[in-house]
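Heads up: the structure comes next, in structure tokens.
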Amino acid sequence: MALRSTLCLTLSPEQKAALERLRRAHRTPQQLALRAWIILLADDGKGVRETARLVAVEAKTVRCWRRR
């Protein structure tokens with residue numbers, strides 16, 4: 001069984017603030033807000049499964065957005 005490496009993501013304070021604004025804005029499309037939340041959770045060190053559980057999506061979706 002091969003171990004998978006975890007994607008290390010580090011956002012600048014400006015990037016993090018911009019993603020937080022997107023996530024919290026009432027007029028942000030839901031899909032964009034979800035993507036922003038996935039990226040923010042990756043920056044906080046959350047794993048794929050934990051992120052998927054928190055945002056209520058498939059792990060496949062989380063992996064896709066973390067790669068992008």
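Only a predicted model underlies this, so the values are computations on that prediction, with no experimental measurement involved.
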Which heavy atom in Trp37 sits nearest to a heavy atom in Leu54, and how many Å separate them? CH2-O, 3.5 Å
Please find the pair of heavy atoms, one from Lys46 and one from Arg66, that lie closest to each other, and give the distance.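 In terms of heavy atoms, the two residues are closest at O-NH1, 2.9 Å.
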If the test is side-chain contact (heavy atoms from CB on, under 4.5 Å), which one of Thr61, Val57, Leu41, Ile39 qualifies with Thr51?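 Output: one option passes, namely Leu41.
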Arg23: which of Leu40, Leu32, Leu34, Ile38 passes side-chain contact (heavy atoms from CB on, under 4.5 Å): Leu40
Side-chain heavy atoms under 4.5 angstrom apart, residues restricted to Ile, Leu, Val, Met, Phe, Trp, Tyr: same cluster for Trp65 and Val48? yes
Could you tell me whether the side chain of Cys64 reaches within less than 4.5 Å of the side chain of Lys60, counting heavy atoms only? no
Considering only heavy atoms from C-beta outward, does the side chain of Asp44 approach that of Lys16 to under 4.5 Å? yes
Counting only N and O atoms by type, is there a donor-acceptor contact under 3.5 Å from the side chain of Thr28 to the main-chain atoms of Leu22? yes
